[in-house]
Structures are given as structure tokens and as C-alpha cells.
Trainee: 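This structure is in C-alpha cells; I'll ask about it shortly.
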Amino acid sequence: MWPARDAGGEGTTVADAPDGARGVLLDSFEGATDDAKLTRALAYVSQQTCKPAIVLGQRAMEFKQTREVFDGLAFTGVISGNEFHYNQRVRISVPGSGWLALPKGRTRGLYIGNLSFEGDSGTTFFTDHDHTGPVLWASHFENLAFNLFKHVVWGAHNAVTFSGFWDVNNSYDTPFKLWGSDNSYWTDGMLIDSPKMGSGDRYHVWLPNVSKTVVGPLFITAQANVCGIRLDGGRGVVLDGVRFDAQAQAGRPTWGSQLLITGGRFVRVRDCWFYGGMARPDSTGHSSAAHDKGIVTITGGTGIVVESPMFSDGDGVQPDATAPGAPHVHIGGGSRIRLRDVQASGAPVVRRASSVPASTIVTDPDLTVPVG
């Protein structure tokens, strides 16, 4: 049991937390609103040498103010595990901004776990940053759900881990745009599906420049103009066991590519599943036609290995949504590319642009890569 503590506000104390709670209960702080309680909780926690987690209770709550995070800040639910929007919901509404803001420089040791968050079309979970912004270091996020956010995380990470099971749905724009190095993302899995992301170039996970990072296993349902994953640069990236799916049986296939690689060095794509991509590649509404030449499209990078991919046409269980003749893999650029153990419902189809020499691509003996 946790002893009572003075929280720093007049008449405000932190009561004994129940067994299993790993910190101080938000509802133990005084305040007429959830934001008022959180202001007092943050003030208390920030003053502690060993910072307890702020435990968000098993009820619906709402936060409307941006909060600047600090080293060691932690939020957790009372019950271990993701509640998937059913028993506990944390509503976040900061239109035009985000809930959690990183200060300049490095922030270390954040933890967020066992919570379900709901946003809106103008709110991001973390405030957006690009590669020139602050960097989050050595932090851990697990067992989380995000519903109805504009973005979830756009920012730079170093040694950040996403673990446990994640459920991300109904994003209004690309939910994850990540830079950085030495990260482990969704090592235990994530379901992600967002049918409201708008027109143009949209991705479930966009990796402009990540290095020495493992991603997967995700279960991605990419509808319409959405591409599941885009990788633009970095080195030492592994996409492990990602399942690129589509709701073709419901008339919602992926119009173009499901995996797009435009750059990077030492990239490995292994044991990934693909279904329902390239349904209408000539009318995706994307800014570059070169990005939709195959279910997997490679336009740049060096030292790329695509190992044991599985391409399904539905196998008599689901409709074949892929346009006739669309390649499983199209190589429009890059060098030192290796394809191994390609599986498909029919014969694997791999094509290359005329500008890509045949000698830069190594395959199994029974797989040819003609120009197309």
C-alpha cells in the first residue's frame, strides 16, 4: 500500500493506492476538472526524486490542456492490459495542438502503458515535431489504444520501445511519422486501421529516417489511398512479420502499394504477408506515380533484402482485388537488392525499371526480373 503524501496543494493529498497500482491516483488530487487534478498531480510528481506513475482511474476522463513532459514522467492504467476503448477511455481534445509536448533537447524515461486514448480531428497525442525538433530518449510505451486522432506520434526517438499490444484506429492523417535510431517498435504487435485519413499521400507508418530499428509484427489494414508503411532512409532497419492486409471482401482494398521503400541502407523485410494491394494503381491520387508500381515498390536504397514474403490473391477465401498484371514487387531504383523465397498464390511477378541493371538484383534461380 502507498502511504499518504502531501501533493503540494492546499488540502490536497495522495491517498493509499489499491494493490496493483504503480503510483499515485489522479483522483486522489483535488480539482473540479480532470485538468485541474492533473495540474496538481504533475506538480507533485515533478518534485519527487523517484517519480511515481500517475494512475488514471477506471473511468472516462477528459484533458484539454497541452502538458510539457519531463524526465521520468509516467502514466498508467489501474488494470494491466489494454482496455480497447471498452472499460476505460481517456479523452484528449487540444485542437490545433497535442496533449504531450517535449521540451527542447532530450527527454528521458517516459512511460505510458495500459491505457486507451480518444482524440479528435484536430488533436495529436504528442505535439508534432520533425527531425530537427526535440528527441525522446530511452522511453517505453506499452499496451495502448488510440482512436480518432489527427496524429499519434510525429517526432524523433532514440532507444524507444513500443511493446505489448496496440490498437490504433480512425486516424484522420498519418498517425506515425518517426525519425531516430536504436528503437524497437511494436515488438508484440499492433492492429491499425483508419478509414478516414483523407485524400493524397497517407501512410499508417512513415519512417523518413530511422536506423538500427526493428518494426513489427504489425497487422495493417490499409484502405483506399493509404499505404501501410513508407521507408525513406536510415540504415539497419528490419521490418519483421508485418501483415499488410485489406478489406477487399468489403470493397475496401488498398489502391496502390502496401510497402514503399524509397531509400535506406541495409534494409531487411522478412516474413511479411500481403493481400489486397494495387487494386487501382493508376488512380490513387498520390503525388508520384512511381510510388505505386507494385504491392512492394522499391525506388531507392542499397543493400535491401526482401526475404520470404507471402503474396495472397485471396486463395479462394477472399476476392482477388489486385489489378491484373500488377507486380508483387517492382524495383524502380536502388542497388544491391536481394529477393529470397518469394511465395505467391500464383507465379511470383517481379519487375524492374529499364534504368535498373539486372545485375543489381539477386534472386533465387527460379525467379526472373524482367523490365516492366
Side-chain angles (χ1 to χ4, degrees), residues 80-82 84 112-114 116 139-147 152-153 157 159-169 171 174-178 180-194 203-207 210-223 226-232 234-248 253-254 257-261 264 266-277 295-298 304-312 314-315 317-318 328-329 338-345:
S80 178
N82 187 332
F84 300 103
I112 303 175
N114 308 313
S116 292
S139 295
H140 185 196
F141 304 92
E142 63 174 339
N143 297 328
L144 295 172
F146 296 95
N147 190 37
V152 179
V153 184
H157 293 164
V160 169
T161 294
F162 294 170
S163 71
F165 190 77
W166 290 49
D167 179 11
V168 179
N169 201 4
S171 299
T174 297
F176 298 99
K177 190 174 183 181
L178 306 171
S181 183
D182 310 347
N183 302 301
S184 298
Y185 290 137
W186 302 293
T187 54
D188 301 305
M190 172 172 68
L191 284 176
I192 185 166
D193 180 14
S194 300
Y203 313 93
H204 280 316
V205 178
W206 188 354
L207 306 172
V210 293
S211 294
K212 294 169 285 182
T213 290
V214 176
V215 180
L218 294 70
F219 192 100
I220 294 177
T221 303
Q223 300 183 29
V226 180
C227 173
I229 295 178
R230 173 173 175 166
L231 173 66
D232 295 331
R235 59 191 179 93
V237 178
V238 176
L239 304 184
D240 187 9
V242 181
R243 286 150 290 171
F244 296 85
D245 201 29
Q247 294 180 343
T254 306
S257 297
Q258 293 180 307
L259 171 61
L260 171 62
I261 300 173
F266 296 128
V267 175
R268 185 174 291 266
V269 180
R270 64 189 184 199
D271 298 324
C272 291
W273 165 274
F274 299 88
Y275 165 71
I295 294 173
V296 176
T297 297
I298 300 170
I304 298 171
V305 175
V306 180
E307 182 176 10
S308 302
M310 296 165 279
F311 296 94
S312 172
D315 303 304
V317 178
Q318 296 172 290
H328 296 111
V329 181
R338 183 180 295 269
L339 305 177
R340 296 172 173 165
D341 295 326
V342 180
Q343 290 179 275
S345 298

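Fair warning: this is a prediction, and the values are worked out from it, not measured in the lab.
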Trainee: With side chain to side chain contact (heavy atoms under 4.5 Å, CB included) as the test, pick out the partner of I192 among V226, V168, V152, D167.
Mentor: V168
Trainee: Using the rule given for side chain to side chain contact (heavy atoms under 4.5 Å, CB included), can you reason through F165 versus D188, listing the C-alpha separation, both sets of side-chain angles and the distance that settles it, and then say yes or no?
Mentor: CA-CA 6 Å; F165 190 77; D188 301 305; 5.8 Å; no
Trainee: Please find the pair of heavy atoms, one from S345 and one from S312, that lie closest to each other, and give the distance.
Mentor: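 That would be OG-CA, 3.4 Å.
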Trainee: How many angstroms lie between CD1 in I298 and CD1 in I304, if you round to the nearest 0.5 Å?
Mentor: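 Reported value, rounded in 0.5 Å steps: 5.0 Å.
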Trainee: With a 3.5 Å distance limit and no angle check, can you tell me whether T254 reaches the backbone of A222 through a side-chain donor-acceptor pair?
Mentor: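 It does hold such a pair.
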Trainee: Nearest 0.5 angstrom please: L191 CG to R243 CZ, how far?
Mentor: 8.0 Å
Trainee: Whether the side chain of N114 engages the backbone of N143 through a donor-acceptor N/O pair (distance < 3.5 Å, no angle test) should be reported.
Mentor: no
Trainee: Counting neighbours of CZ on F219 that are heavy atoms of other residues, nucleotides or ligands and sit closer than 6.0 Å, is the number greater than 12?
Mentor: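 Buried by this count: over 12 neighbours within 6.0 Å.
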Trainee: Should the ring pair H328 and F311 be called parallel, tilted or perpendicular, given that the plane angle runs from 0 to 90° and is split at 30 and 60?
Mentor: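 It falls in the tilted class, 30° to 60°.
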Trainee: Between V242 and W186, does a side chain to side chain contact (heavy atoms under 4.5 Å, CB included) hold up when you go through it step by step?
Mentor: CA-CA 10 Å; V242 181; W186 302 293; over 6 Å; no
Trainee: F146 vs W166 aromatic rings, parallel, tilted or perpendicular, using cut-offs 30° and 60°?
Mentor: tilted
Trainee: If we ignore hydrogens and angles and just use 3.5 Å, is the side chain of D240 paired with the main-chain N or O of V215 as donor and acceptor?
Mentor: no
Trainee: Nearest 0.5 Å please: distance from the CH2 atom of W273 over to the CD atom of Q258.
Mentor: 11.0 Å
Trainee: What heavy-atom pair brings H157 and Y185 nearest, and what distance separates the two atoms?
Mentor: ND1-OH, 2.9 Å
Trainee: Are any side-chain N or O atoms of N183 and backbone N or O atoms of A159, one a donor and one an acceptor, separated by less than 3.5 Å?
Mentor: yes
Trainee: Mind listing the closest non-hydrogen atom pair of A246 and P253 along with its distance?
Mentor: CB-CA, 3.9 Å
Trainee: In Å, rounded to the nearest 0.5 Å, how long is the span from CD1 of I112 to CD of E142?
Mentor: 11.0 Å
Trainee: Mind checking whether L259 and C272 have side chains closer than 4.5 Å, heavy atoms only?
Mentor: no
Trainee: Using a 4.5 Å cut-off on heavy atoms from C-beta on, say whether the side chain of F141 contacts that of V153.
Mentor: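 In short, these two side chains do not touch, never coming nearer than 4.5 Å.
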Trainee: Going from CZ on R268 to CD on E307, what distance comes out if it is rounded to the nearest 0.5 angstrom?
Mentor: 5.5 Å
Trainee: First locate atom CZ of F162, then atom CG of L178, and finally report the distance between them rounded to the nearest 0.5 Å.
Mentor: 5.5 Å
Trainee: I want to check something: taking the side chain as every heavy atom from C-beta on, are Y275 and D245 in contact at a cut-off of under 4.5 Å?
Mentor: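 Yes. Closest side-chain heavy atoms under 4.5 Å.
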Trainee: Where the side chain of H204 meets the backbone of T221, is there a donor-acceptor pair that is under 3.5 Å apart?
Mentor: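 Pair found, side chain donor or acceptor close to backbone of T221.
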Trainee: Kindly determine whether V269 and I261 satisfy side chain to side chain contact (heavy atoms under 4.5 Å, CB included), including the steps that lead there.
Mentor: CA-CA 10 Å; V269 180; I261 300 173; 4.0 Å; yes
Trainee: Under a 3.5 Å distance rule, please check whether T213 uses its side chain to pair with a backbone N or O of V237 as donor and acceptor.
Mentor: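 No, the answer is negative, given that no donor and acceptor are paired below the 3.5 Å cut-off.
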Trainee: Kindly say whether Y203 contributes a backbone atom to a donor-acceptor pair with the side chain of T174 at under 3.5 angstrom?
Mentor: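 A pair under 3.5 Å: yes.
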Trainee: Could you report the tightest heavy-atom contact between H140 and S163, atom names first, then the distance?
Mentor: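 H140 and S163 have their closest heavy atoms at NE2-OG, 2.6 Å.
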